[in-house]
Amino acid sequence: MNQLSHHILAPFRAISLRLSHSTSFIATHSHSPPSLLRFSFRSFSVSLVCKWGCLVFEFAREMVEFGFVKSGNGNWKRVDDMHLLKAMASHIVGYPRMGPKRELKFALESFWDGKSSAEDLQKVAADLRSSIWKQMSDAGIKFIPSNTFSCYDQVLDTTAMLGAVPPRYGWNGGEIGFDVYFSMARGNASVPAMEMTKWFDTNYHYIVPELGPEVNFSYASHKAVNEYKEAKALGVDTVPVLVGPVSYLLLSKPAKGVEKSFSLLSLIDKILPVYQEVLAELKAAGASWIQFDEPKLVMDLGAHELQAFTHAYSALEASLSGLNVLVETYFADVPVEAYKTLTSLKSVTGFGFDLVRGTKTLELIKGGFPSGKYLFAGVVDGRNIWANNLASSLDTLKALEGIVGKDKLVVSTSCSLLHTAVDLVNEPKLDKEIKSWLAFAAQKVVEVNALATALAGQQDEAFFSANAAAQASRKSSPRVTNETVQKAAAALKGSDHRRATNVSARLDSQQKKLNLPILPTTTIGSFPQTMDLRRVRREYKAKKISEQNYVEAIKEEINKVVKIQEELDIDVLVHGEPERNDMVEYFGEQLSGFAFTANGWVQSYGSRCVKPPIIYGDVSRPKAMTVFWSSMAQSMTKRPMKGMLTGPVTILNWSFVRNDQPRFETCYQIALAIKDEVEDLEKAGITVIQIDEAALREGLPLRKSEHSFYLNWAVHSFRITNCGVEDTTQIHTHMCYSNFNDIIHSIIDMDADVITIENSRSDEKLLSVFREGVKYGAGIGPGVYDIHSPRIPSEEEIADRIEKMLAVLESNILWVNPDCGLKTRKYAEVKPALSNMVAAAKHLRTKLGSAQ
């Protein structure tokens, strides 16, 4: 038998090997067919799942993943044994970096803690890159990206490539190493980090470049070229990906001391020489394709901004000669004028569009697409975890094929798969029916290849049929629909759900009850999550300790947090949230209509990962979720104890949301569930209740024409949660790490009694709206220090920040608090920082008292 035959038969031997050990088990169920034998070639495991139809689906999925396609006569053939590969044009925009089990997260944190070396971190990173490239190559993907991997953030990588290091980090030239790189990302003992904000409308955060006319750009990180060479040495020819020069500048901000009116696009001719050097090295290394990510093209851009794209790519034309150039866009429709500008770029070979969130772009393509150019059609959703409707996508692709030509159409993801979980194979305990409805990043790679194979005339009928069966199963499943919930949500129409009394009168009533000092101090909610605390939760979940032992351990932690706050003399306390794994997952686990993963982690920023719940059906609250712990905490102190909840918009925006009904309908359902919890907390004697809406700004559509509709239902959802409480119950909310200035009037319309909001890391940008005359009558606590940096701010620094706030806000509405929760920090950082915060507040109280 030749080597190719061995290669082709390998998976079938794996099946045979495991089946021989499974016969006796199957025999015991011979009265009915096994619901599903799921063959996993990676783990060589066979498991029994539900429904015969899924057998074909899972088998077919694994065969495609192993590199096989089913030919017209029903026989399986290995792709690389056929002449089809050239015709199977498939592309992945980008891939998750953290690893299937968060390997990069743990390597980063070990390095930051001084427990491992830079070489150890680089080895983990290299192993992950190698695994990702091999996985895509084995799946038959033709256009495989490189340089989408990052040890922190792709925009920060670009800042390093351009040598645009702010002077405070003391960089003196040369190749930028981890020391400078991570100082920019996280700050260090002497200087703060660069600003971090949301990446478009996702939960990913990028590091905002700080630019000005004095920046001397230079080629200071060869990462893009090094990673291309690294992949090539492994036998994988990749498409190097760069953040495009125009989007990079438009994602930047003027550095401190630079006029806010400074035109960032005026720097385009200063950064292009660095891009030219990178392109020259990539060409010399053998690259034939290059991908520029220009997501800013989906935004509302003016003529001057669109002209910058024309100018930049014309200036790069000579450097791009000999390269195929893809310009990739994602997250929304490309506006008409941007589409015209983009498709007129002469040096560009192909254009990538998000056809999931950008359905209007389809009409633009049908109205005219440049002859001879490639269309990278993003039909597989990179933002959600639902299995692709393959039949529908194939219809779309066939229609596009008729427009752009059979040899010019490439099947792609709608955006980078960075925003979805890594691999369903790591979810053995996930409900089998729900699992059949899903596709994580690894499965989406297979879907892209399956569609490309079908487009090339080799449709895998079994795979497509099983996909159709799963789509039908989800549509008809009784677990998706709850008629009572739908009726309650429908009944919300016709009311704006405002509290009966205005905020000024409410604050007076609350002050009489709470008797707080001027400039009251508080924290945002969470306190450090120690290894011991995580172990207790893990052991309780695994049933290794009893419920009684678990409750005692959590009670002890809450008591410790309460005592720390009392010793620091903080005015309004929190219980520290020791029982919570994540601010969204914790609530989702107690609401109906949610499913949960074991390893469905998604990067939020740096090493920080979240595990979004999956909202698959109608949402309701079976029982109280937080009352037990909040009541316990309040019994430990005479000071006000905040009840801590996550708001409906944040739960929605930080979950993988069902795509079979409008998002606002799901949000209203969640709002009703949180409303029940708010009212139960009030009945239990909790007088201050915080309903976090950290992600409200994040869900804002990218196009201004769609802002009003979103903000109306998002703000309404928040008001629903607390419209029934007494005037004396103080409702707080919290927001972080976004640009809030453009939605400040909607924030006011939320009608919260107090809002705490990120301010310090964004260089106090928030205060500018108040300087410009916006009047805010409710309580407000702009953050006085950045909790995402290990740096401990001094009392003087915090006092200076508070004084800046007092210049634009009345002292009787100003609160003093950190930017965000303290979950990711260590107690050695938290205690001195909070001590300095309280001292600064007291100092200014005395100063204000003397002035009066």
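Below, each value reflects all heavy atoms present in this structure, side chains not excepted, and no hydrogens, waters or symmetry copies.
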| task | Go through the steps for Val155 and Met194 under the test side chain to side chain contact (heavy atoms under 4.5 Å, CB included), then give the verdict. | result | CA-CA 12 Å; Val155 180; Met194 295 169 71; over 6 Å; no
| field | Evaluation steps, side chain to side chain contact (heavy atoms under 4.5 Å, CB included), between Val422 and Met98 | value | CA-CA 9 Å; Val422 180; Met98 281 292 127; 5.8 Å; no
| field | Criterion side chain to side chain contact (heavy atoms under 4.5 Å, CB included) on Ile141 and Asn449, from CA distance to verdict | value | CA-CA 6 Å; Ile141 300 300; Asn449 190 62; 4.2 Å; yes
| side chain to side chain contact (heavy atoms under 4.5 Å, CB included) between Lys823 and Arg608: does it pass, once the steps are laid out? | CA-CA 11 Å; Lys823 177 180 178 178; Arg608 167 79 168 146; 3.9 Å; yes
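Ring geometry for Tyr605 against His788 counts as perpendicular: the plane angle is over 60°, on a 0 to 90° scale with 30° as the lower cut. A tilted orientation is assigned to the rings of Trp112 and Tyr152, their planes being inclined by 30° to 60°.
Judged by distance alone, with hydrogens and angles left aside, the side-chain atoms of Asn147 form a donor-acceptor pair with the main-chain N or O of Val241 at under 3.5 Å. Side-chain atoms of Gln154 do not come within 3.5 Å of backbone N or O of Val243 as any donor-acceptor pair. In terms of modelled atom types and a separation under 3.5 Å, the side chain of Glu328 and the main chain of Pro295 share no donor-acceptor contact. Without hydrogens or angle criteria, Tyr330 side chain to Gly382 main chain gives no donor-acceptor distance under 3.5 Å. At distances below 3.5 Å, not a single donor-acceptor pair connects side-chain atoms of Lys444 with backbone N or O atoms of Thr413. In terms of modelled atom types and a separation under 3.5 Å, the side chain of Trp133 and the main chain of Pro145 share a donor-acceptor contact. Between the Asn467 side chain and the Asn388 main chain, a donor and an acceptor come within less than 3.5 Å of each other. In this structure a side-chain-to-backbone donor-acceptor pair under 3.5 Å is missing from Lys826 to Pro790. No donor-acceptor pair under 3.5 Å is formed between the side chain of Ser414 and the backbone N or O of Leu355. Between the side chain of Thr349 and the main chain of Val325, a donor-acceptor pair closer than 3.5 Å is present.
A pairwise comparison of heavy atoms in Gln443 and Leu424 identifies OE1-N, 3.1 Å as the closest pair. Taking every heavy atom of both residues into account, Val610 and Ser604 meet most closely at CG1-CB, 4.4 Å. His91 and Ser412 make their closest contact through ND1-OG, 2.8 Å (heavy atoms, listed as atom of the first residue, atom of the second, distance). Heavy atoms only, all atoms of each residue included: Tyr248 and Thr159 are closest at OH-OG1, 2.8 Å. Across Gly140 and Ser90, no two heavy atoms sit closer than the pair O-OG, 3.4 Å. When all heavy atoms of Pro240 and Ser146 are compared, the pair lying nearest together is CA-OG, 3.4 Å.
The shortest side-chain heavy-atom distance between Tyr204 and Val602 does not fall under the 4.5 Å cut-off. For the pair Phe111/Asp120, no side-chain contact is recorded, criterion being any heavy-atom separation below 4.5 Å from C-beta on. Annotation: side chain of Leu108 is in contact with side chain of Leu121 (closest heavy-atom distance under 4.5 Å). Residues Phe292 and Val348 fail the side-chain proximity criterion, which asks for heavy atoms closer than 4.5 Å. Residues Leu128 and Arg97 have side chains not in contact (no heavy-atom distance under 4.5 Å, counting atoms from C-beta outward). Side-chain contact check for Asp354 versus Arg383: every heavy-atom pair is 4.5 Å or farther apart. Side-chain contact check for Phe143 versus Gln291: every heavy-atom pair is 4.5 Å or farther apart. A 4.5 Å side-chain heavy-atom check between Leu394 and Gln459 finds at least one atom pair inside the cut-off.
A donor-acceptor pair shorter than 3.5 Å can be found between the side chains of Asp157 and Tyr181. Side-chain atoms of Gln458 and Thr453 include no donor-acceptor pair closer than 3.5 Å.
Ring pair His419/Phe331: centre-to-centre distance below 6.0 Å. For Trp289 and Phe376, the ring centers sit closer than 6.0 Å to each other.
Residues forming a side chain to side chain contact (heavy atoms under 4.5 Å, CB included) with Glu589 (at least two apart in sequence, or on another chain): Lys541, Asn581, Glu585, Phe596.
Going from atom CH2 of Trp386 over to atom CZ of Phe656 covers 10.5 Å, rounded to the nearest 0.5 Å. The CG atom of Asp153 sits 11.5 Å away from atom SG of Cys151, with the distance rounded to the nearest 0.5 Å. In this structure, CE in Met161 is found 10.0 Å from CD in Glu277, a value given to the nearest 0.5 Å. With values rounded to the nearest 0.5 angstrom, Phe178 atom CZ is found 4.5 Å from Gln122 atom CD. Leu282 CG to Lys229 NZ: the interatomic distance, rounded to the nearest 0.5 Å, is 9.0 Å. Note that the CG atom of Leu162 and the CD1 atom of Ile176 stand 9.0 Å from one another [nearest 0.5 Å].
Checked for salt-bridge contact, Lys123 and Glu119 miss the test: no charged N lies under 4.0 Å from a carboxylate O. Taking 4.0 Å as the cut-off between side-chain N and carboxylate O, Glu230 and Arg129 count as a salt-bridged pair.
The local environment of NZ in Lys134 is sparse, with at most 12 non-hydrogen atoms from other residues, nucleotides or ligands closer than 6.0 Å.
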